[in-house]
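Position 1 is the first residue of the sequence, and the numbers go up from there.
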Amino acid sequence: MATFGKPENALKRAEELIHVGQMQAALQVLHDVITSKRYRAWQKTLERIMFKYVELCVEMRRGRFAKDGLIQYRIVCQQVNVGSLEEVIKHFLHLSTEKAENAKSQAEALEEALDVDDLEADKRPEDLMLSYVGGEKGKDRSDRELVTPWFKFLWETYRTVLEILRNNSKLEALYAMTAHRAFQFCKQYKRTTEFRRLCEIIRNHLANLNKYKDQRDRPDLLLPESLQLYQDTRFEQLKVATELELWQEAFRSVEDIHGLMCMVKKTPKPSLMVVYYAKLTEIFRVSGSQLYNAYAWSKLFSLQKSYNRHLTQKDLQLIASSVVLAALSVTPYDHCSGASHLELENEKERNLRMANLIAFGLDPKRDSREGLSRSALLSELVSKGVLACASPEVKELYNLLEHEFLPLDLASRVQPLLVSITNVGGKISSASSVPEVQLLYYVPALEKLATLRLLQQVSQVYQTMKIEVLSKMIPFFDFSVVEKVSVDAIKSNFSAMKVDHQNGAVLFGSLELESDTLQGHLTLLAESLNKARGLIYPPVEKASKLAEALPGLAEVVNKEHKKLLARKSIIEKRKELQERQLLEMELEEETKRQKIQQVTVEAEKIRLARESYEREQQRIKREQEKKELDDAIALIDKNKKKGKKTAMEGATKQQLIDMAIQEQLKERQELEKRLQKLAKTMDHMERARREEEAPLIDAAFQQRLVEEKIAHERDQQQEIELSRERHVGDLQEKNRLSRMLENKNILQDRIVSRRQSEFDRLKRERDERIAQRLQDNREKREKQRKLIFYLRSEEERQKKLEEEEALRKQEEAERKKKEALERKAKLDELAEKQRQREAEVEERVRKEREAQFRAPAVPAAAAAPAPAAVSGAPGTAASAPAKYVPKWKRGESSAVAVTPPEPDRRGSRQEDQRQPAATDRWRTDRTDDRRPSAAPGNTGKWVPPARR
């Protein structure tokens with residue numbers, strides 16, 4: 001890795017390498033500069049280096065290098081100059097797009113060149129084999145290798161840029177722009193697989209944004225600008241998904257938009273909501289969900305009528321007609337009739353989910369069929385005036401199908417109306433976001449609805465009708481289609497009818513006892529007969545003597561009996577509860593013991609594995625060192641044999657290994673050259689062989705065609721003769737077996753009836769088993785919920801006790817720490833006072849000693865009168881103070897005068913403070929007498945007090 005003092009030098013070096021054709025070396029130089037920690041401060045030169053770096057990455061199609069460089073450059077300029085990063089990324093995208101467009105323009109057939117299912121998949125082995133054997137002669141194959149790599153690199157570029165810019169508040173606009181360009185790339189070149197991956201990438205980015213809320217520079221979705229960028233990206237994703245006809249991805253995009261709306265708790269602008277419901281109508285229309293499609297059209301009509309001021313009366317009438325026809329197209333019966341409990345729960349959850357997407361308030365505790373239903377929607381359309389805005393044909397169609405009772409000519413009156421609305425539709429000029437409205441989409445569903453209404457009304461009037469008459473009454477479908485429609489209606493309990501093909505008739509109503517209508521009539525008949533019997537034969541009341549004596553005894557006995565039963569049930573419940581608690585405690589203890597044992601076993605396994613891994617690593621290291629030593633010894637022996645002893649003398653082990661590697665590389669290169677020469681020779685031989693065998697293959701092919709034609713004609717003639725013989729035999733067999741047809745039909749009816757009874761019995765048993773299993777599962781879930789609640793409550797109680805104990809211990813420790821600090825402070829204060837007093841005493845003693853040692857020697861004759869004067873006239877001491885006399889001098893004059901007693905230290909200090917004049921004079925005299933005296937007995941040398 002080369003180091004440069006300035007980034008400019010690295011840029012110059014890279015340009016020099018590019019001029020001599022070493023682009024890989026130039027890219028490595030720039031990569032080292034960008035990833036170096038020496039250049040962490042942004043400067044203009046780094047921007048120029050990044051421009052050159054991305055140009056090299058695009059030229060050489062090095063996506064990983066580009067990603068690493070952009071990540072490092074983002075770290076450098078994220079807090080200083082974000083605009084520079086935006087310019088670099090835009091330049092990167094521009095270069096990638098330009099290269100892809102140039103490759104596209106060079107290819108003659110773009111569709112064939114882009115016939116790749118997945119841009120991230122590598123080449124298949126079959127393609128590689130074909131390219132090596134075929135010699136790459138075909139232009140289609142050359143186009144594929146020219147265009148596909150650049151489009152693959154462009155897709156990697158979009159992924160890299162989105163990964164770099166994700167979840168950064170300073171790069172939101174650039175992130176949105178990149179996402180839009182990626183959507184347009186997928187839309188332009190019909191890249192469905194890449195579009196799914198792109199949607200998943202953006203979805204994961206938003207999930208990570210919500211997961212890591214303490215991230216630095218995290219976008220705030222509550223800000224209007226950030227929210228608008230995220231909403232625009234999702235709506236663009238929805239538009240592209242519908243244009244590519246990826247309906248599942250479009251529905252997931254709708255869920256993403258709804259999740260974003262719920263996350264920020266804000267509704268987008270009406271213009272975006274129009275796009276939202278318009279795409280929902282397309283999705284539900286393609287999926288065949290007529291009910292949800294009608295609700296989406298209803299919401300779309302409300303938005304257009306409320307917020308679109310430029311909406312014309314014609315466009316409003318067209319949208320209203322589409323809403324009414326969409327509501328009429330919904331099947332008039334519930335498909336969940338007779339469904340299992342699980343299917344009903346799934347349907348309820350699905351309705352709740354769809355209602356949330358359509359922004360239709362639905363209570364999850366209520367039955368969802370009461371909220372999202374055809375009847376409720378039609379009532380809402382009538383109450384809100386949507387039907388009044390529809391066209392006259394649609395109004396008349398609504399009245400015929402919902403309110404009129406015309407069993408004979410209903411279909412004949414509906415048919416011209418359906419023909420008239422077939423040609424109605426077109427693009428709405430005043431609402432560009434609304435898709436093209438075509439009423440033709442609803443014609444098949446309306447024909448089915450008209451058929452159902454006709455069958456329903458005919459069943460109320462007739463009991464039997466010929467199939468030919470019923471077919472003439474329904475001109476929309478053949479009778480086979482009518483039969484399929486009626487089977488679905490009968491399955492959902494919408495109508496009751498039977499088709500008798502033997503007699504060519506249709507029977508309306510049901511003769512079975514299981515019919516709901518007949519069962520209700522039988523119940524009423526039984527109740528009426530019971531009442532009549534009670535009137536004819538009234539019950540005889542036998543009054544007992546005990547009841548006459550004690551009229552309230554029976555009531556008291558009943559109450560006491562009920563109390564005893566209730567008490568018994570309570571005791572049983574308490575016993576069961578106690579047993580359950582004991583069982584739970586045993587289970588909990590067993591679980592804890594197993595967990596502790598499992599943790600111990602896992603820790604032991606980890607320790608053994610770690611020790612085994614360390615031993616294995618040490619063994620591998622020893623073997624590598626031994627192998628390297630053996631290779632070096634073998635190399636030395638080999639060089640000695642070749643006469644290279646002088647060159648190997650003084651060489652180290654690493655040098656020997658490097659020389660051996662160079663020799664191996666040379667041998668490998670020579671082997672590759674020989675292999676290439678051999679492959680070229682074999683290629684020429686194969687090509688010559690193919691050129692020689694081509695005419696022979698053509699001649700053999702022509703001969704084979706002639707032979708196969710003759711054989712085909714012969715086989716065809718034989719097959720015709722065999723078919724004639726088989727036909728004659730089949731006719732004879734048919735005549736022979738026709739006598740047994742009646743017996744066969746009798747046997748068939750007998751078997752069918754027996755199997756039908758067996759099927760009914762098995763069905764009843766299956767229903768009972770399912771009911772019992774549901775009850776068992778419900779009880780099991782109830783037990784699990786109670787157990788989980790108990791465990792959670794116990795865990796919370798233990799946690800609370802532990803927290804209180806920890807808090808008490810912490811308060812006790814803080815109190816003890818505070819008392820220790822106060823005690824230490826008091827002791828420190830006392831110690832400080834003691835040190836001050838000792839320092840004052842030592843200072844006073846030191847001053848007294850210095851004064852004694854530095855005082856001059858006084859003659860005995862001159863010193864004798866001083867004490868007398870002091871003792872005789874003490875009042876004159878202030879006016880004429882005597883000189884200071886040391887203690888060792890006072891002994892000499894003790895015979896002449898008595899030395900006054902020495903005051904204590906405190907008293908002398910106070911006296912000194914009261915007589916500042918004398919003290920100053922003493923200090924002056926002492927200062928003057930510091931020179932050594934020449935008096936007798938004073939040698940001029942200081943003598944310590946001990947020697948004196």
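- Here the side chain of N777 pairs a donor or acceptor atom with the backbone of R773 at under 3.5 angstrom.
- The two residues V458 and P407 come nearest to each other via the heavy atoms CG2-O, 3.4 Å.
- Distance alone, capped at 3.5 Å, places no donor-acceptor pair between the K305 side chain and the L316 backbone.
- Not a single donor-acceptor pair under 3.5 Å links the side chain of S289 to the backbone N or O of R285.
- Under a cut-off of 6.0 angstrom, the local environment of CD in E255 is crowded, with over 12 non-hydrogen atoms contributed by other residues, nucleotides or ligands.
- Annotation: the span from I421 atom CD1 to Q438 atom CD amounts to 11.5 Å, rounded to 0.5 Å.
- Using modelled atom types and a 3.5 Å distance limit, the side chains of Q415 and E447 yield no donor-acceptor pair.
- No side-chain donor from either of R234 and Q231 sits under 3.5 Å from a side-chain acceptor of the other.
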Check the pair L174, K90 against side chain to side chain contact (heavy atoms under 4.5 Å, CB included), reporting the backbone distance first and the verdict last. CA-CA 9 Å; L174 188 58; K90 288 180 180 178; 4.0 Å; yes
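- Taking the ring centroids of F508 and Y462, they lie at or beyond the 6.0 Å cut-off.
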Show your working on side-chain hydrogen bond (donor to acceptor under 3.5 Å, both in side chains) between S226 and E172 and close with a plain yes or no. CA-CA 7 Å; S226 302; E172 287 177 322; 2.8 Å; yes
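- In this structure, the ring of Y398 has its center less than 6.0 angstrom from the ring center of H403.
- Side-chain contact between L397 and L418 is present, with at least one heavy-atom pair separated by less than 4.5 Å.
- Contact of the I467 side chain with the S471 side chain is registered, since non-hydrogen atoms from C-beta on lie closer than 4.5 Å.
- Annotation: the span from F151 atom CZ to Y189 atom OH amounts to 4.0 Å, rounded to 0.5 Å.
- Side-chain contact check for S329 and Y441: no donor-acceptor pair (N or O, by modelled atom type) lies under 3.5 Å.
- Counting heavy atoms of neighbouring residues, nucleotides and ligands inside a 6.0 Å radius, atom OH of Y307 does not exceed 12 of them.
- Contact of the R453 side chain with the P332 side chain is registered, since non-hydrogen atoms from C-beta on lie closer than 4.5 Å.
- Judged purely by distance below 3.5 Å, without hydrogens or angles, the side chains of H180 and Q237 never pair a donor atom with an acceptor atom.
- Scanning all heavy atoms of the two residues, the minimum distance from T233 to A179 falls at CG2-CB, 3.9 Å.
- Using a 4.5 Å cut-off on side-chain heavy atoms (C-beta onward), C186 and E194 make contact.
- Ion pair E249/R203 flagged as a salt bridge, since at least one NZ, NE, NH1 or NH2 atom sits closer than 4.0 Å to an Asp/Glu carboxylate oxygen.
- A donor-acceptor pair is defined here as one N or O able to donate and one able to accept, closer than 3.5 Å; such a pair exists between the side chain of S321 and the backbone of S391.
- Side-chain contact between L198 and W155 is present, with at least one heavy-atom pair separated by less than 4.5 Å.
- Closest approach of F477 and P444 over heavy atoms only: CZ-O, 4.5 Å.
- Looking at L328 and R374, their side chains come closer than 4.5 Å, going by heavy atoms from C-beta outward.
- In this structure, R181 forms no cation-pi arrangement with Y158, as its terminal cationic atom is not both closer than 6.0 Å to the ring centre and no more than 45° off the ring axis.
- Between the SG atom in C199 and the CG atom in N204 there is a gap of 11.0 Å [rounded to 0.5 Å].
- Counting non-hydrogen atoms of neighbouring residues, nucleotides and ligands closer than 6.0 angstrom, the CD atom of E782 exceeds 12 such neighbours.
- No side-chain donor-acceptor contact under 3.5 Å links S322 to the backbone of I319.
- Screening L470, V414, L406 against L454 for a side-chain contact (heavy atoms from CB on, under 4.5 Å) leaves a single residue, L470.
- A donor atom on one side chain and an acceptor atom on the other are not found under 3.5 Å apart for S412 and D409.
- To the nearest 0.5 angstrom, L260 atom CG is 8.5 Å from I257 atom CD1.
- A donor-acceptor contact shorter than 3.5 Å links the side chain of D500 to the backbone of Q502.
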Intermediate values then yes/no, side chain to side chain contact (heavy atoms under 4.5 Å, CB included), I490 and S495: CA-CA 5 Å; I490 293 169; S495 63; 4.1 Å; yes
Give the C-alpha distance, both sets of side-chain angles, the deciding distance and a yes or no for side chain to side chain contact (heavy atoms under 4.5 Å, CB included) between Y276 and I358. CA-CA 9 Å; Y276 177 81; I358 307 173; over 6 Å; no
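- Look at E404 and R413 and you find no salt bridge, because none of the NZ, NE, NH1 or NH2 atoms lies under 4.0 Å from a carboxylate O.
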Using side chain to side chain contact (heavy atoms under 4.5 Å, CB included), reason through E200 and R252 one step at a time and then give a plain yes or no. CA-CA 10 Å; E200 193 65 29; R252 296 186 68 186; 3.3 Å; yes
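- H205 and Y175 share a side-chain donor-acceptor pair at under 3.5 Å.
- Of the possible donor and acceptor atoms, one in the side chain of S287 sits under 3.5 Å from a partner among the backbone N and O of F284.
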Would K384 and E380 count as a salt bridge (charged side-chain N to carboxylate O under 4.0 Å, His left out) if you check the C-alpha gap in whole Å, the side-chain angles of each, and the deciding distance to 0.1 Å? CA-CA 6 Å; K384 289 185 177 180; E380 183 181 356; 2.8 Å; yes
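- Q313 CD: 12 or fewer foreign heavy atoms inside a 6.0 Å radius.
- Taking every heavy atom of both residues into account, F479 and V506 meet most closely at CZ-CG2, 4.1 Å.
- A donor-acceptor contact closer than 3.5 angstrom links the side chains of D488 and Y333.
- For K239 against T242, the heavy-atom pair with the smallest separation is O-OG1, 2.7 Å.
- Taking CG of D256 as the start and CZ of F235 as the end, the distance is 11.5 Å to the nearest 0.5 Å.
- In this structure, L229 and A173 approach most closely via the heavy-atom pair CD1-N, 3.9 Å.
- The shortest distance between side-chain heavy atoms of T331 and Q290 does not fall below 4.5 Å.
- Side chains of F183 and I202 form a contact here, defined as non-hydrogen atoms less than 4.5 Å apart.
- Rounding to the nearest 0.5 angstrom, the gap separating the NZ atom in K187 from the CD atom in E243 is 3.5 Å.
- Under the 3.5 Å distance criterion, the side-chain polar atoms of S298 are left unmatched by any main-chain donor or acceptor of A294.
- Within a 6.0 Å sphere centred on NZ of K484, other residues, nucleotides and ligands contribute 12 heavy atoms or fewer.
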